Amino acid sequence: MTKVQIDPGVCGFLTAVEAQADEDQIEVTLTVKSGCDAVRKMMEALGSTFDAMALCLCKPGQDPLTRWAGENFPVHAGCPVIAGILKCAEAEAGLALKEDCAIRFLNEEKQ
């Protein structure tokens, strides 16, 4: 099982993700707990079990989560939660290494 916590920033809607791949790493089951109504509705609509390749190894914007969000999320293209969910699934299915990633704002005055 792979677990991540996503802190999306100023909205404060922390999201916890657990991913569990089947024995052959073909399917991945996601458990997503989020303070964000939009994320909760997305997971309720899409379910919890996905084909790992169709979920993770596709062109940007073509995975089921991003497609659903594009039609149903409120306007907020920079939300990092979907990327975090996908990274968790990728790592659990053996499609990526378990390595932290981050977005950091740089203070121009200190550069």
Side-chain angles (χ1 to χ4, degrees):
M1 179 178 299
T2 300
K3 299 179 183 182
V4 301
Q5 181 173 342
I6 305 159
D7 181 347
V10 72
C11 71
F13 294 137
L14 296 178
T15 299
V17 182
E18 293 181 0
Q20 180 68 55
D22 65 1
E23 184 177 305
D24 298 321
Q25 294 183 314
I26 292 172
E27 288 188 336
V28 63
T29 300
L30 300 172
T31 302
V32 179
K33 296 179 182 174
S34 181
C36 177
D37 287 337
V39 171
R40 287 194 309 268
K41 288 177 184 175
M42 174 180 68
M43 296 312 298
E44 288 171 13
L46 295 177
S48 60
T49 302
F50 299 88
D51 177 285
M53 298 290 273
L55 182 66
C56 301
L57 295 183
C58 57
K59 292 184 179 188
Q62 298 303 307
D63 64 274
L65 304 182
T66 305
R67 284 196 324 260
W68 194 91
E71 294 178 11
N72 298 283
F73 263 30
V75 180
H76 185 50
C79 178
V81 173
I82 292 175
I85 295 169
L86 293 172
K87 293 298 284 183
C88 185
E90 275 184 333
E92 174 62 18
L95 301 171
L97 298 175
K98 294 180 182 180
E99 190 67 37
D100 288 345
C101 54
I103 299 169
R104 293 186 180 86
F105 287 94
L106 303 177
N107 184 340
E108 293 179 11
E109 295 173 8
K110 294 182 181 181
Q111 290 183 3

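The analysis underlying the following values was restricted to heavy atoms, covering all of them including side chains, and did not include hydrogens, waters or symmetry mates. In this text, all values refer to a predicted model and were calculated from it rather than measured experimentally. Numbers for residues simply follow the sequence, beginning at 1.
Contact record, P64 with A54: CD-O, 3.9 Å, taken as the closest heavy-atom pair. The two residues Q25 and A52 make their nearest non-hydrogen contact at O-CB, 4.0 Å. Closest heavy-atom contact between P80 and P8: CG-CA, 3.7 Å. Closest heavy-atom contact between L95 and C56: CD1-CB, 3.9 Å.
Under the side chain to side chain donor-acceptor pair (under 3.5 Å) criterion, K98 pairs with T2, not counting sequence neighbours.
Taking CZ of R67 as the start and CG of N72 as the end, the distance is 12.0 Å to the nearest 0.5 Å. Atom CD in Q20 sits 10.0 Å away from atom NZ in K3 (nearest 0.5 Å). Interatomic distance, SG of C11 versus NE2 of H76, reported as 6.0 Å (0.5 Å rounding). Remark: K59 NZ to T66 OG1 distance equals 15.0 Å, nearest 0.5 Å.
Between T29 and E18 there is no side-chain heavy-atom pair separated by less than 4.5 Å. In this structure, the side chains of D63 and F50 stay at 4.5 Å or more apart for every pair of heavy atoms.
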Practice task
Run the numbers on L30 and L55 for side chain to side chain contact (heavy atoms under 4.5 Å, CB included), then give the verdict.
Solution key: CA-CA 11 Å; L30 300 172; L55 182 66; 4.2 Å; yes
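Among pairs with a residue in residues 79-95, those fulfilling salt bridge (charged side-chain N to carboxylate O under 4.0 Å, His left out) read K87-E90, at least two apart in sequence or across chains.
Under a hydrophobic clustering in which Ile, Leu, Val, Met, Phe, Trp and Tyr are joined whenever their side-chain heavy atoms come within less than 4.5 Å, directly or via other members, L86 and W68 fall into the same cluster. No path of Ile, Leu, Val, Met, Phe, Trp and Tyr side chains, each step under 4.5 Å between heavy atoms, connects M42 with F13, placing them in separate hydrophobic clusters.
Of the listed residues (V17, D100, T15), just one forms a side chain to side chain contact (heavy atoms under 4.5 Å, CB included) with V4, and that residue is V17. Evaluated for a side chain to side chain contact (heavy atoms under 4.5 Å, CB included) with I6, the options I82, V39, I85 yield exactly one hit, I85.
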